[in-house]
Structure formats: structure tokens, C-alpha cells
There are 2 protein chains.
Amino acid sequence: MLTTPFVDAPIFTRSRALRPTGKVLPEHARSHNRSLVLQTLYSAGPQSRADVARETGLTRVTVSDLVADLIGEGLIVELGQREIARPGKPAMLIDVDRAAFQIIGIDLSEHERFLGAIVDLDGGIVSRAEVALDGATGEAAAALVDALVAGLVASATAPVLGIGVGSPGIVDPNGVIRSAPNLGWQGLDLQSRLHDAFGLPVHIGNDANVAVLAEHGASTNDDLLLVKVGHGVGAGLIIAGRPVIGGGFAAGEIGHVIVGTDGGPRCACGKSGCLETWLAVPRLTAELDAVDDGEHAASAREAILTEAGRRLGIVLAPVVGALNLSEVALSGPAELLDGPLARAAVDTLRTRTMAEHNRDLRLRMTEQAQDIVLRGAAVMVLSGQLGVS
Amino acid sequence: MLTTPFVDAPIFTRSRALRPTGKVLPEHARSHNRSLVLQTLYSAGPQSRADVARETGLTRVTVSDLVADLIGEGLIVELGQREIARPGKPAMLIDVDRAAFQIIGIDLSEHERFLGAIVDLDGGIVSRAEVALDGATGEAAAALVDALVAGLVASATAPVLGIGVGSPGIVDPNGVIRSAPNLGWQGLDLQSRLHDAFGLPVHIGNDANVAVLAEHGASTNDDLLLVKVGHGVGAGLIIAGRPVIGGGFAAGEIGHVIVGTDGGPRCACGKSGCLETWLAVPRLTAELDAVDDGEHAASAREAILTEAGRRLGIVLAPVVGALNLSEVALSGPAELLDGPLARAAVDTLRTRTMAEHNRDLRLRMTEQAQDIVLRGAAVMVLSGQLGVS
DNA sequence: TTTCGTTTGTTCGTAAGCTTTACTAACAAA
DNA sequence: TTTGTTAGTAAAGCTTACGAACAAACGAAA
């Protein structure tokens with residue numbers, strides 16, 4: 001039997017990256033542990049320092065030290081002694097000060113207007129704002145974003161932790177909107193623009209990629225695909241707890257993938273049978289509206305929705321199979337999606353993948369229908385600034 | 001303008017995980033930096049401590065300290081002074097001692113035999129071994145693995161760093177083979193079995209998931225999908241540099257995803273039109289053999305291969321689109337795959353996805369046709385034990 | 001030849017961060 | 001009152017990385 005110095009020696013990188021990315025200094029470790037404490041409190045609520053220590057595996061000493069820092073920064077507050085009578089010294093409850101900061105969330109994905117909101121640290125929407133687009137594009141549209149943010153920043157009732165933006169199109173990790181055809185943006189450095197204007201941290205992502213962050217918070221799953229059906233069709237993807245951006249920052253762009261091998265409606269992109277030609281809201285409503293009222297109108301409409309769901313299932317099946325996904329969420333108008341469409345999608349997914357591997361596959365509507373991008377934008381800020389979500 | 005204590009404060013977790021996973025101690029940081037030094041030397045070759053310091057961002061002091069440890073462990077050696085005449089003190093070159101350890105790689109994915117090899121730290125194959133299966137399944141097949149490993153361990157000419165195994169079927173992260181129908185394995189804890197028998201670190205993965213590790217080493221890309229065509233069809237996937245295992249540990253199982261909406265051959269799994277019915281080697285060769293020799297034999301065979309490639313493209317298109325993949329590798333018999341089949345696959349992929357986002361998509365044959373699982377198994381050990389790949 | 005500047009690698013002391021150990025405070029239960 | 005438990009803190013120590021300073025070794029220029 002041979003032995004080496006490394007038999008079973010646990011290596012830090014084992015569960016992290018295949019290739020180490022960069023040096024790690026003690027302060028990074030501390031920053032990580034700080035986030036760990038925050039996350040523990042954030043998700044489990046008020047508890048004692050000792051509770052946090054048990055939960056995180058850190059010692060009480062270290063937790064006390066980190067908590068002292070966090071109290072100094074105003075992120076954590078002491079709530080008073082625990083009421084429940086137990087042996088031992090009574091615990092001083094601490095919690096994230098959920099009123100200490102607010103977050104600006106911006107949703108640029110709707111077609112006629114930009115939405116904004118002030119979101120508290122719990123993801124609750126404090127107040128809203130919106131501006132009508134009126135066909136604005138390019139600089140005019142960007143100026144509308146400025147104005148929307150300015151109004152929200154002015155009306156915030158607590159220090160603002162940061163600005164989160166969900167935008168249509170291709171957004172790179174530096175917050176540059178590489179391409180958003182509908183808004184006439186190409187290479188728009190929205191992150192710098194907003195940062196320079198407001199002096200706040202800014203996080204920007206594709207609308208569907210942002211939306212899946214919100215949904216992921218409500219889910220216990222480490223893998224999640226969210227399909228966002230609106231004027232177009234896009235997806236956001238989380239794998240092993242990490243958002244997937246894609247090499248060209250275009251992950252989730254499934255709207256113009258061709259579905260099936262039996263042709264299909266002509267698409268604006270030039271191809272035929274793209275997913276959007278079956279599933280995009282304008283197409284669906286147009287098809288439904290075209291059904292003549294009459295005896296068979298209901299079943300005709302159901303057939304349209306069922307076919308749309310089937311097409312969605314067809315395109316998702318290889319993705320679900322390749323990634324062994326266990327959860328798919330649908331975001332969009334519930335009156336269209338939540339019914340025959342969703343049922344057909346999950347049926348199709350089940351019949352087209354290997355049942356054995358995808359036995360516990362679930363497809364469901366999103367928890368937070370309307371505000372999913374706004375909330376996701378807030379999550380992005382929360383996660384980027386505090387390491388919490 | 002509002003300010004917060006966190007404006008632009010870089011947070012450790014920002015680029016790592018959304019939610020912090022566990023505490024990080026100084027020793028973990030050191031372990032990470034140790035791997036970083038190793039990785040730098042491993043991929044860039046002989047250089048001075050000062051070179052490593054510049055490359056990694058660590059100080060010369062720290063690098064010297066880490067290197068001293070690594071020399072003590074026999075992983076790094078001094079090679080003598082640098083020859084090139086430069087001002088200043090001559091550099092002492094150091095490098096990973098690529099002869100210090102060997103790795104046992106095992107490939108259980110072939111149908112008639114188990115393959116094994118001794119692999120050096122560079123991925124070079126030092127010697128080979130194999131055992132015929134002769135239809136063995138269950139415990140008999142497992143015993144063959146034992147024997148294969150035993151022979152290789154005995155013939156190693158350097159300490160063995162670990163044992164890497166690529167197995168068909170579903171393999172969980174603990175090295176338990178949940179299900180490998182062909183071998184009659186179900187819940188076989190091969191990792192513990194081999195660890196107990198040989199006292200060496202053991203790493204086990206699905207054959208395609210292991211293969212993609214080898215291919216990833218030869219690639220500069222952070223995202224990579226490898227399709228392994230053999231008796232069945234499977235895939236291995238790396239996203240953002242990290243292998244994707246899947247919630248049910250069944251990522252990459254695309255062989256039984258239905259392709260297209262126009263039916264297809266009956267599959268052993270009960271469905272019709274599974275990818276395997278077009279692409280698996282036995283199916284393909286049978287179809288090709290069935291072509292009558294004659295005037296149009298060549299074009300008939302080409303049509304069969306083209307159709308197989310097209311089917312592969314159809315099933316991959318949604319995956320490529322959703323993940324924004326830039327690179328797909330094909331592994332298997334070159335005489336079948338490398339030609340009309342690959343051309344049809346890439347053509348189909350291009351026409352069925354959005355050209356704009358997948359402009360630089362590449363599909364190619366694997367670099368290391370034969371030994372890809374053996375080499376991937378070695379990479380798995382290298383990465384698991386040293387954080388290097 | 002001497003001097004100067006450069007580069008390498010080491011030594012020494014320091015700062016940061018987490019742990020262990022030990023302690024006090026505060027409580028319940030017997 | 002005693003005993004045992006729990007919370008939080010304080011002190012000391014270990015690990016780790018850094019900066020400053022230095023010696024060694026070299027080329028280039030004076």
C-alpha cells in the first residue's frame with residue numbers, strides 16, 4: 001500500500017473552482033465570514049450571537065467580533081433579551097436591521113414603461129415609480145432611467161444600499177448594455193452612468209437573469225430555470241446556486257431557438273418556428289383573439305395554449321436533460337401561462353426526457369408574478385453589496 | 001447624493017457564490033494560495049519564485065514560504081539557475097516535480113473491457129492495462145475493477161497521488177454509483193471500496209463528465225460541452241470553469257431526450273426518436289452496414305451521417321442557446337463523427353440558434369480521442385488532490 | 001576596475017484573523 | 001443555597017501574509 005503526503009488531505013479548492021482564480025488574503029476570509037453571519041441572520045431571523053456561532057461553525061468569540069463590526073456599520077441591531085425562560089444567561093437577540101437601508105430596483109423590461117421601486121432589505125416594496133416610454137430610444141430612453149432613479153433616490157427614507165437594474169438585451173458583467181435592440185442601446189455603459197450620477201453602487205443584469213435571482217430566493221433549490229414570457233421570451237438560469245451568464249453574456253436567450261422539425265410561423269428574426277412565434281405574449285393573444293366566438297371557441301383557445309406549452313416543453317427538454325434540472329419556473333401573464341399551457345409544458349418535458357432521471361421535475365408559476373424583476377434587482381444589490389440573498 | 005459605508009466596497013463573495021457556503025479559516029486561504037502557486041507552475045512551467053509572485057499577486061516572501069512547503073512535500077523541485085543572462089541575482093528555477101507522483105486512471109465506459117493506465121502529472125500515459133469484461137456484472141465486474149487497479153498500483157514507479165475512475169451511469173459526489181444498468185450496479189460504493197482496498201484517495205465520476213475535464217484542460221474556454229458517442233450517448237458539461245453534476249447527479253444524460261417532432265426509430269427505453277436512436281455507434285454502424293453496395297452507396301451513407309449530425313444539432317440547439325455555449329466537442333469514433341456528421345451538427349446548430357449570440361460557436365472533435373476518459377480521470381485526481389488542472 | 005542599478009530570495013518584525021482557554025454574569029432547577 | 005447551564009467577553013497564542021530591509025549576484029556604465 002502506497003501512501004502520499006496528500007491522502008485525503010482536504011483541499012480548499014476542491015469544492016470551489018477547478019483552477020484557483022486569485023490569491024486569498026485574510027481580509028477576504030473575514031469578509032466571507034462577515035457575509036456568512038449576515039446571511040445566517042438574514043434568513044433565520046433574530047437570534048443570539050451564540051446561535052449564529054452554532055449555525056456557522058465559527059466560535060462565539062469570532063461571531064461577537066464580527067457582529068460588533070456589523071453593529072458599528074449599522075447593519076445589525078440588538079433587539080433586547082430573549083423572552084423565553086431558559087437556564088443560563090439570557091440571550092441578547094440580534095438581527096439584521098431591516099430598516100437600515102433601502103434598495104432601488106429598476107425594471108426596464110416592459111415595452112411601454114420603465115418601472116422602479118424602493119425595496120427594503122426583506123424584499124418588500126416600499127414605494128413605486130414609473131415613467132412612460134412613449135417610444136423613446138437611445139439617449140432619450142437612458143435619460144428616462146436617470147429620471148426614474150433620481151426620483152426614487154430622492155424619496156428614499158433610509159440610506160440607499162445600491163441600485164439594481166434589470167434590462168432587456170445583452171448585459172455584460174461590467175453593467176454595459178451590449179445590445180438592447182428595442183431600446184436602441186448598443187454599448188451603453190449604464191452602470192458607470194448611474195454610478196457617476198448618484199454615487200451609489202450599481203448592479204445591472206439581463207431582465208430574465210435578474211428575475212431568476214428573485215425566484216431563487218423563494219426556492220430551496222440550487223438549480224433553477226426561469227422562463228420569462230412577455231413581449232419576447234427569455235430565460236434566467238441558476239446552476240449549483242450560481243447565476244449563469246454565458247461566455248457571450250447571452251445565456252438564457254432561447255426566444256429564437258427553433259422548436260421541433262415541422263416548421264412553424266415566420267419569425268421577425270427571419271427564421272421559422274422560433275420559440276417566440278409560439279409563446280411570446282403578443283403572438284399568443286393575437287392567436288387567441290383570432291378565434292371566432294362560437295361553440296368551439298373555448299376548446300380552440302385551449303388548443304392554442306396547449307400547443308404553446310408543448311412547444312415550450314420541446315425546447316426545454318434538452319436543457320432539462322443536459323443539466324438535470326429539477327425546477328422550472330414560468331413568469332408572465334398567469335391568464336395565459338397558468339393552465340393548459342403549463343400543463344402541456346410539463347407533460348411534454350416529462351415525456352421527452354428520461355423519466356428515471358427527471359422524476360422529481362417541477363414546473364410552476366413564479367411566486368411573485370408582477371414584481372419579479374424589481375425584486376430580483378434588489379437581490380442582485382443585496383448579494384453584491386452584502387453577500388446576502 | 002446619499003452615501004453608505006459600503007459604496008463600492010469589494011465583497012469577497014461577490015464573484016464566488018450568491019450565498020456564503022461555510023466559514024473560511026486562514027488555513028483554507030493558505031491552501032488556496034498553495035494551489036494557486038502549484039497551478040501557476042503547472043501551467044506555465046519552470047520559473048523563479050519571483051516570477052510566481054508577480055503572476056499570482058502574492059509577495060515574494062509568501063511565495064517563498066509556500067514553495068518551501070511544497071518542496072518539503074516533494075511536489076516542487078529546484079532545477080538550477082536560469083541560464084539567460086540578465087542583470088540582478090540569477091533566478092533559481094523551480095517547477096512542479098512532474099515525476100514525483102503518478103495517477104491511476106480507470107475507464108469503465110467501454111462495453112467489452114475495462115481500461116486502466118498510469119498517468120504522470122502532465123497527463124502523459126506511462127503504462128496501460130485492461131481486463132476483459134466477458135459479460136461480467138455486479139460483484140464480478142466490481143472485482144475486475146479491483147484487480148485492474150491492483151495491477152496498476154503494483155506497477156507504479158512513483159508514489160500514487162490517487163485513483164480516478166470514469167464510470168457509466170449515475171455517480172454521486174461521494175463516489176457511489178447510484179445506477180449503471182449495463183454493469184448491473186446499483187448503489188455500489190466504489191469509492192469506499194477502492195479507498196479501503198488501496199488506502200489512496202479515490203475520485204469517481206460519470207464517464208462523460210470525467211471526459212470533459214480532460215478536454216477542458218486542452219481548451220482555453222471556460223464553458224465546454226462534450227458529447228461522448230459510444231454504445232450510448234452522454235455529455236459532460238463545464239460552465240464558468242466548473243463541472244456541472246446536476247441535482248440528481250444525472251447531468252449530461254441526453255441520450256434519451258427525444259429529438260424533433262417528426263417521430264423516429266423506436267428506442268430500447270420505450271420512447272421513439274431518442275437521440276441515441278440516431279447517434280449511438282451500434283445504431284449508426286448497423287444503418288451504414290445495411291446500405292447496399294452500389295452506385296449510390298457513398299451518398300446514402302453520407303445521408304445517414306448527415307441526418308445523425310442534424311439530429312444532434314437539433315437537440316443541442318436549445319442547450320447552446322440557453323447556456324450561450326461557445327464550444328462543443330465531440331468524442332467517439334472519428335470515422336463516424338468527423339465528417340458529414342459533425343458538419344451537419346454545426347450547420348444545424350447555427351441555423352437553429354440566434355446567429356448574433358452564437359457567432360463564435362465552435363464544434364470540433366476531441367483532442368485526445370482514445371484516452372479521454374483515462375486522462376480525465378487523472379485530471380479529476382489532480383484537481384481534487386492538488387487543486388490543479 | 002570600480003561603481004551603480006537591478007533582481008532574487010531571505011530574514012525580521014508586524015498586522016490581521018481565528019482559535020483555545022478561561023472567566024464573569026445571569027439564569028433555572030433542585 | 002447549591003448546582004449546572006448558557007451567553008458573552010478577555011487574554012493569549014497560532015497561522016498567515018505583508019512590508020522593510022538586506023545580502024548576493026549580476027550587467028552596464030564610468
Side-chain angles (χ1 to χ4, degrees), chain A residues 9-12 20 22-37 40-41 46-72 76-95, chain B residues 9-12 20 22-37 40-41 46-72 76-95:
Chain A
I11 300 275
F12 180 55
K23 62 174 175 177
V24 172
L25 302 184
E27 67 221 63
H28 298 132
R30 181 153 180 102
S31 183
H32 178 98
N33 290 336
R34 197 187 94 114
S35 289
L36 182 61
V37 168
T40 302
L41 285 168
Q47 56 196 298
S48 70
R49 293 166 171 85
D51 292 332
V52 174
R54 277 185 291 268
E55 176 82 13
T56 58
L58 294 162
T59 59
R60 291 199 306 271
V61 179
T62 304
V63 169
S64 282
D65 194 42
L66 287 165
V67 166
D69 282 5
L70 290 164
I71 288 177
I76 286 186
V77 282
E78 294 192 327
L79 302 177
Q81 288 194 353
R82 175 178 273 146
E83 300 281 319
I84 309 147
R86 289 196 303 188
K89 176 178 171 180
M92 172 61 71
L93 293 179
I94 55 172
D95 192 15
Chain B
I11 298 276
F12 181 55
K23 62 174 175 176
V24 172
L25 304 184
E27 69 221 62
H28 298 132
R30 180 155 180 100
S31 184
H32 178 97
N33 290 335
R34 198 187 92 113
S35 290
L36 182 61
V37 167
T40 302
L41 284 168
Q47 56 196 298
S48 71
R49 291 166 172 85
D51 292 332
V52 174
R54 275 185 291 267
E55 177 82 14
T56 57
L58 296 162
T59 60
R60 291 197 308 259
V61 179
T62 304
V63 170
S64 282
D65 193 44
L66 288 165
V67 166
D69 281 6
L70 290 163
I71 287 178
I76 285 185
V77 283
E78 294 191 329
L79 301 177
Q81 287 193 353
R82 173 178 276 146
E83 299 281 319
I84 307 147
R86 289 197 302 188
K89 178 177 171 180
M92 171 63 69
L93 293 178
I94 56 172
D95 192 16

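In the text below, chain A, chain B and the rest are named by the order of the sequence lines, each starting its count at 1. Note that the structure is a prediction, hence the values are computed from the model and not measured.
- Under 4.0 angstrom from either OP1 or OP2 of D/dA7 there lies at least one side-chain N or O belonging to A/R54.
- Going from atom CZ of B/R60 over to atom P of C/dT8 covers 7 Å, rounded to whole Å.
- Counting any heavy atom pair closer than 4.0 Å across all strands shown, B/S48 reaches sugar-phosphate atoms only and no base atom.
- For C/dT19, the OP1/OP2 oxygens have a side-chain nitrogen or oxygen of B/K23 closer than 4.0 Å.
- Relative to the side chain of B/L58, the nucleotides D/dT9, C/dC18, D/dC18 differ in distance, and D/dC18 lies closest.
- When the C1' atom of D/dA17 is taken as reference, atom CG of B/D65 falls 9 Å away, rounded to whole Å.
- Here CG of B/N33 is found 6.0 Å from CG of B/L66. Values are rounded to the nearest 0.5 Å.
- At a cut-off of 3.5 angstrom, the base of D/dG8 holds no donor-acceptor pair with the side chain of A/R49.
- A/R34 places its CZ atom 17 Å from the C1' atom of C/dC18, with the value rounded to the nearest Å.
- Residue B/V63 is classed as having no contact, given no heavy-atom separation below 4.0 Å to the nucleic acid.
- Between B/D69 atom CG and D/dT15 atom P there is a gap of 12 Å when expressed in whole angstrom units.
- If you measure from atom CD of B/Q47 to atom P of C/dT7, you get 17 Å, rounded to the nearest angstrom.
- With hydrogens and angles left out, the side-chain atoms of A/T62 and A/D65 include no donor and acceptor closer than 3.5 Å.
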Canonical and wobble pairing (Watson-Crick, G-U, under 3.5 Å) of DNA chain D, dot-bracket with |
||||||||||||||||||||||||||||||
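- Using a 4.0 Å cut-off, some side-chain N or O of B/R30 falls inside it from OP1 or OP2 of D/dA17.
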